[in-house]
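Letters go in sequence order (proteins before strands), and every chain restarts at 1. The model shown is predicted, which means the values in this text are computed figures rather than measured ones.
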Number of protein chains: 4
Amino acid sequence: MLVVMKPNATEAQVDAVVEKIRSLGFSPHAIPGAQRTAIGVTGNKGDLDPALFESFPGVREAIRVSQPFKLVSREVKEEDTVVDVGGVEIGGKRLVIMAGPCSVESKEQVLEAARAVKASGATMLRGGAYKPRTSPYEFQGMAEDGLKLLALAREETGLKVITEAMDVETLPMVADYADMVQIGARNMQNYSLLKQLGKIAKPILLKRGPSATIKEWLMAAEYVVAHGNGRVALCERGIRTFETATRNTLDLNAVPVLKSLTHLPVIVDPSHGIGLRAHVPAMARAAVAAGADGLIIEVHPCPEKALSDGQQSLTPEEFAGLMAQVRVIAGAVGRPV
Amino acid sequence: MLVVMKPNATEAQVDAVVEKIRSLGFSPHAIPGAQRTAIGVTGNKGDLDPALFESFPGVREAIRVSQPFKLVSREVKEEDTVVDVGGVEIGGKRLVIMAGPCSVESKEQVLEAARAVKASGATMLRGGAYKPRTSPYEFQGMAEDGLKLLALAREETGLKVITEAMDVETLPMVADYADMVQIGARNMQNYSLLKQLGKIAKPILLKRGPSATIKEWLMAAEYVVAHGNGRVALCERGIRTFETATRNTLDLNAVPVLKSLTHLPVIVDPSHGIGLRAHVPAMARAAVAAGADGLIIEVHPCPEKALSDGQQSLTPEEFAGLMAQVRVIAGAVGRPV
Amino acid sequence: MLVVMKPNATEAQVDAVVEKIRSLGFSPHAIPGAQRTAIGVTGNKGDLDPALFESFPGVREAIRVSQPFKLVSREVKEEDTVVDVGGVEIGGKRLVIMAGPCSVESKEQVLEAARAVKASGATMLRGGAYKPRTSPYEFQGMAEDGLKLLALAREETGLKVITEAMDVETLPMVADYADMVQIGARNMQNYSLLKQLGKIAKPILLKRGPSATIKEWLMAAEYVVAHGNGRVALCERGIRTFETATRNTLDLNAVPVLKSLTHLPVIVDPSHGIGLRAHVPAMARAAVAAGADGLIIEVHPCPEKALSDGQQSLTPEEFAGLMAQVRVIAGAVGRPV
Amino acid sequence: MLVVMKPNATEAQVDAVVEKIRSLGFSPHAIPGAQRTAIGVTGNKGDLDPALFESFPGVREAIRVSQPFKLVSREVKEEDTVVDVGGVEIGGKRLVIMAGPCSVESKEQVLEAARAVKASGATMLRGGAYKPRTSPYEFQGMAEDGLKLLALAREETGLKVITEAMDVETLPMVADYADMVQIGARNMQNYSLLKQLGKIAKPILLKRGPSATIKEWLMAAEYVVAHGNGRVALCERGIRTFETATRNTLDLNAVPVLKSLTHLPVIVDPSHGIGLRAHVPAMARAAVAAGADGLIIEVHPCPEKALSDGQQSLTPEEFAGLMAQVRVIAGAVGRPV
């Protein structure tokens with residue numbers, strides 16, 4: 001059960017509902033948002049009657065939810081959520097293309113990449129300034145200098161910027177520069193970070209953890225939404241399996257499954273997903289055919305010199321070729337690029 | 001290294017090559033086929049010089065192969081293999097659609113299914129007469145009676161029949177009735193069966209084992225080809241991962257990876273792959289977009305009464321809807337259905 | 001529900017029970033065994049009352065079973081099954097040690113291995129005459145010549161012989177030579193073979209499939225028992241996971257889980273399980289501490305010359321060292337070797 | 001290559017080495033520690049000659065390292081690291097037992113648990129005050145109030161306290177109360193947190209991520225050590241596989257593999273690993289037999305009332321029984337408790 005309060009509900013009204021829930025022997029979870037408070041109810045075995053709560057002052061509605069995720073569930077909100085990123089609409093009719101280098105490395109690199117991906121039809125620029133790396137000896141990103149270069153590229157090209165935040169400390173700065181904040185796979189269950197994401201005013205791209213089930217992923221999104229930020233898109237980027245021929249196993253099954261379970265938009269990252277440059281276009285096409293709302297693709301002016309993920313980055317020419325293929329599939333499923 | 005003998009090479013010529021290989025300290029693997037003998041060479045650390053063998057009488061060519069699979073490798077044969085199934089060409093320009101019930105259950109059921117899938121554009125009829133079932137208490141198939149019904153449906157509709165063989169004992173009978181013999185996922189590494197498949201005159205659809213790597217799968221195909229039957233198509237049907245929201249994880253990454261490694265055609269089974277009726281069309285579209293040469297889809301006149309796999313079978317109407325979607329994607333990638 | 005008939009029940013009595021089950025709307029599965037017929041009942045949603053069947057002539061008892069596996073379940077038979085292999089008792093108080101080479105390669109090799117493992121305390125000799133190999137170009141075993149060498153080693157040492165059967169064709173011959181027939185991991189769901197195993201008079205060691213759940217494994221054992229052979233032991237040999245530091249992931253969790261679900265004995269194969277010679281002793285110790293009824297260990301007089309699995313085979317000296325460690329743990333858990 | 005500077009090396013001396021590495025075309029990674037600076041060298045294809053650096057002033061030694069992890073590698077430090085936790089030595093001769101509730105819930109609960117586990121032989125008290133929970137609606141821990149209760153229990157019992165830190169913000173407070181800081185599985189690759197751990201003066205227990213390879217896990221430990229804190233112990237707690245009969249798959253293979261690759265001590269958590277109360281003792285015994293340096297076990301005075309993980313917590317009586325079994329195995333492998 002989820003009890004949704006009216007936007008102008010008072011604290012006393014919230015408290016009264018909380019008390020009622022307790023008196024029934026269940027657990028209330030009041031989650032104040034920017035616009036309204038919602039109160040999750042857990043601990044009940046069977047169905048609860050919405051009438052128990054809907055007569056309370058300040059309550060907008062009480063919704064039966066059979067899933068452990070509530071706010072992100074299609075049961076609670078049937079229509080698709082469209083996440084607006086400075087005018088770029090993720091989850092609307094148009095397919096959204098995000099592209100750019102894995103890491104921001106230099107002014108020339110990021111500007112060249114930005115111009116190229118824009119020319120081929122991208123509307124958002126990706127690029128990491130803070131890089132989670134398996135080894136402490138690998139390039140860890142340009143930090144704020146990288147963010148500044150992304151802002152510069154935005155200024156020149158008009159592309160919206162998506163970049164990763166790795167921790168609570170740097171989140172405010174990243175959110176300041178970015179149009180959309182990306183949360184990496186290995187931070188998907190960093191709950192302290194997820195809670196903070198609920199409090200910022202920028203949309204979030206939440207990548208799937210490499211061994212996260214779809215349900216766990218939706219629970220992670222629920223954290224963000226429950227803490228106040230409903231502008232969340234999900235990004236499938238490959239799961240960890242026994243297969244070693246590909247870097248990860250891009251799980252396109254997740255696309256239709258998510259579409260049935262949640263109203264949040266779904267982006268696919270074929271670059272990390274399959275991890276092999278030659279096969280990124282095939283998986284990009286497949287993702288669009290499966291119903292994804294957008295793609296995020298690694299493009300580097302010179303992949304063989306990339307400081308990270310060169311083996312999966314496309315050249316600008318390859319990206320142009322991919323876009324030509326994607327347009328055809330997107331057209332076939334009624335999604336203009 | 002693979003030494004390919006001429007079709008008319010004598011036994012003595014083969015023996016001479018085998019001796020030469022042994023004298024170099026390596027292991028020869030002479031594999032007599034219907035048309036010619038090939039001799040795999042293993043045990044060499046570095047490259048061998050083809051000239052070592054090409055001067056021997058009866059040798060057509062000696063090919064350097066860096067992969068453990070040789071005959072199925074694109075290194076050995078660059079052009080796509082087209083598997084002819086009684087006039088239906090798998091791996092040619094047209095997308096091949098195989099459809100029908102999981103199990104053959106009755107004359108009415110199989111005829112109704114056959115007419116329906118033909119009407120929507122399938123050219124091959126699937127249906128199991130021998131069923132590998134997890135439990136000994138589950139329906140094990142109609143055996144030869146089922147094969148006869150498939151033959152009857154072929155007679156009436158002209159559809160080519162694909163059906164599973166489970167063991168060496170029943171293989172000759174299955175091969176007798178079938179136009180193409182399917183090998184199930186759990187038999188992918190049943191090497192005794194694979195060797196026999198090399199000796200029959202019918203094409204083979206080799207399903208991927210639920211935890212088989214792409215390389216192991218190609219090695220299984222190599223068994224069949226090495227033992228004399230080059231008419232093999234591969235079928236991706238989902239791998240086993242930690243995800244429980246879907247029955248299996250359909251691994252579409254395998255499609256482009258296979259296309260680069262092997263010349264054999266690739267079929268995708270979204271029905272077993274995702275295992276949820278509502279999501280089969282999305283995965284079918286994605287498979288075609290990824291470059292599959294065909295689809296195999298479970299269709300049952302009345303899925304809720306199916307003796308096996310009802311939860312993933314489409315009704316004839318749903319299949320017609322799927323085909324409409326598939327045609328659009330197939331058209332977009334230049335593959336007429 | 002499982003209805004167990006008396007040993008001398010007539011066909012008519014079995015038919016009467018089968019009819020009764022049908023009349024209730026459920027499915028009967030009569031499984032004739034060497035000594036008595038059992039009839040599995042499936043299709044019922046809730047509990048059935050045993051009294052429904054126990055009044056029928058020829059019925060010994062009707063047992064409620066909540067698991068899909070019935071005959072192998074501890075619900076059906078509470079006391080441990082002890083599998084007698086020519087006097088060696090698997091599942092009794094003593095820990096059973098099976099050891100020997102991966103493949104039988106020569107008379108000298110198998111005799112030397114047999115003498116060595118006997119000297120260190122093994123009571124059973126392992127050794128493959130038919131080898132399931134990933135590649136058609138690898139050594140496929142010595143076939144009947146290998147079986148003869150195993151018999152020779154038995155004659156000399158008194159060790160009981162366990163060796164693998166790969167298919168229905170060679171099963172009678174293997175069963176003829178062997179004291180216990182091993183079914184390899186990749187044949188765990190070869191249902192045609194499992195059914196035949198039910199009809200032979202030798203005990204079976206059923207290895208776990210590399211991606212088989214514990215429940216699927218028990219269902220495979222159920223096939224053998226349901227078809228008439230109750231002398232089955234299970235062998236954990238590692239599952240397939242994402243980890244690449246070890247050959248497989250030996251799943252010792254399976255030991256206590258199996259012990260609670262089934263009355264069949266449990267053997268552990270640390271050699272295939274971890275796949276690295278240096279770490280076999282640690283996993284052997286752990287297996288015994290976890291409650292295994294025995295171990296199966298690869299020992300080769302000269303591992304670096306082994307035709308298969310040399311990297312995981314112990315030398316006779318290493319095996320003697322392992323046995324010293326195993327004895328200490330076995331003593332600590334009250335299981336003499 | 002790892003260049004280790006002397007404790008009193010000057011900044012200029014470090015810079016000179018860094019310059020030399022750059023001039024050779026490689027990448028230097030200077031990592032200042034509390035006591036000395038180490039400089040990792042990456043980018044070299046083949047072996048480097050230590051003599052290149054050992055003649056530089058301020059250099060203690062230059063070590064060839066073939067693994068991507070350097071400081072945690074046994075190649076770099078052959079002898080076992082013993083982590084001292086206020087007198088409790090992890091990695092020494094004695095087996096270390098950490099036990100207590102999953103979450104701190106009340107004064108009575110934590111004191112009762114502490115007394116009980118001490119009575120049975122534990123020397124460290126576990127208990128979570130900050131809880132990473134899959135759902136935002138679940139109990140998130142008592143925060144600082146919980147830490148105070150742990151401190152109280154330490155005061156009364158003398159047990160050393162291990163408790164989890166979830167983020168950089170609360171790390172200083174947690175480190176203030178705790179004797180050892182635990183990093184949970186889902187934070188294993190939270191690199192921002194790992195870097196901060198390098199700067200605190202408390203030992204760390206680093207749990208393995210649910211889908212982390214052993215190599216990735218060692219790289220995570222390398223982050224902590226490279227940033228200055230060498231007092232790290234590793235904790236195996238189960239990996240994610242396809243098996244659903246157990247909560248996770250406790251991977252005891254990791255114990256001997258880690259022991260060969262790293263000098264850091266290894267703790268095993270059978271409670272999370274198998275996740276089923278009845279089977280925790282079997283896995284605890286197996287862990288000790290495999291060579292673990294200690295165990296961490298969930299014990300709750302009243303598991304059925306636990307706010308988290310009740311199904312895997314032992315009662316004090318069950319824990320006493322487990323300890324009796326563990327002592328026997330520990331004695332057998334020469335590790336007194």
Side-chain angles (χ1 to χ4, degrees), chain A residues 67 208-218 238-261 266 268 270 273-292 324-334, chain B residues 208-218 236 238-261 266 268 270 273-292 324-334:
Chain A
Q67 297 282 7
R208 181 182 190 177
S211 68
T213 63
I214 290 172
K215 188 178 134 186
E216 289 169 339
W217 188 11
L218 288 172
I239 56 172
R240 178 155 277 186
T241 69
F242 60 81
E243 178 61 74
T244 52
T246 51
R247 181 177 180 186
N248 293 292
T249 296
L250 186 70
D251 179 14
L252 291 181
N253 307 270
V255 177
V257 171
L258 284 172
K259 284 290 173 189
S260 70
L261 293 177
V266 180
V268 172
I274 193 162
L276 299 162
R277 184 186 311 163
H279 302 324
V280 171
M283 298 316 285
R285 295 192 310 261
V288 174
Q325 299 178 33
V326 162
R327 270 176 224 278
V328 174
I329 303 290
V333 294
Chain B
R208 181 183 190 177
S211 67
T213 63
I214 290 172
K215 188 178 135 186
E216 289 168 340
W217 189 12
L218 289 172
E236 163 62 34
I239 56 172
R240 178 154 276 184
T241 69
F242 61 81
E243 178 60 75
T244 54
T246 50
R247 182 177 179 186
N248 292 292
T249 296
L250 187 70
D251 179 13
L252 291 181
N253 306 271
V255 177
V257 171
L258 284 172
K259 284 289 173 191
S260 70
L261 293 177
V266 180
V268 172
I274 193 163
L276 299 162
R277 183 186 312 162
H279 303 323
V280 170
M283 299 315 285
R285 295 193 310 259
V288 175
Q325 298 176 34
V326 161
R327 271 176 222 280
V328 174
I329 303 291
V333 294

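Between B:S260 and A:L276 there is no side-chain heavy-atom pair separated by less than 4.5 Å.
No other option in B:L261, B:V255, B:I214, B:T241 has as many heavy-atom pairs under 4.5 Å with chain A as B:I214. Ranked by heavy-atom pairs under 4.5 Å with chain A, the first of B:A289, B:G291, B:P270 is B:A289. Chain A forms the most heavy-atom pairs under 4.5 Å with one residue out of B:A278, B:P256, B:A287, and that residue is B:P256. Interface summary for chain B: among A:V257, A:T244, A:V288, the most heavy-atom pairs under 4.5 angstrom belong to A:V257.
Atom-to-atom distance recorded for B:R285:CZ and A:R285:CZ is 15.5 Å, nearest 0.5 angstrom.
Across B:T249, B:D251, B:L252, a single residue satisfies side-chain contact (heavy atoms from CB on, under 4.5 Å) together with A:N253, and that is B:T249.
Only the backbone of B:A212 comes within less than 4.5 Å of a heavy atom of chain A; no side-chain atom from C-beta onward does. If you measure heavy-atom distances from B:T246 to chain A, the contacts under 4.5 Å come from the side chain alone.
Here the shortest heavy-atom pairing between A:F242 and B:R208 reads CE1-NH2, 4.4 Å.
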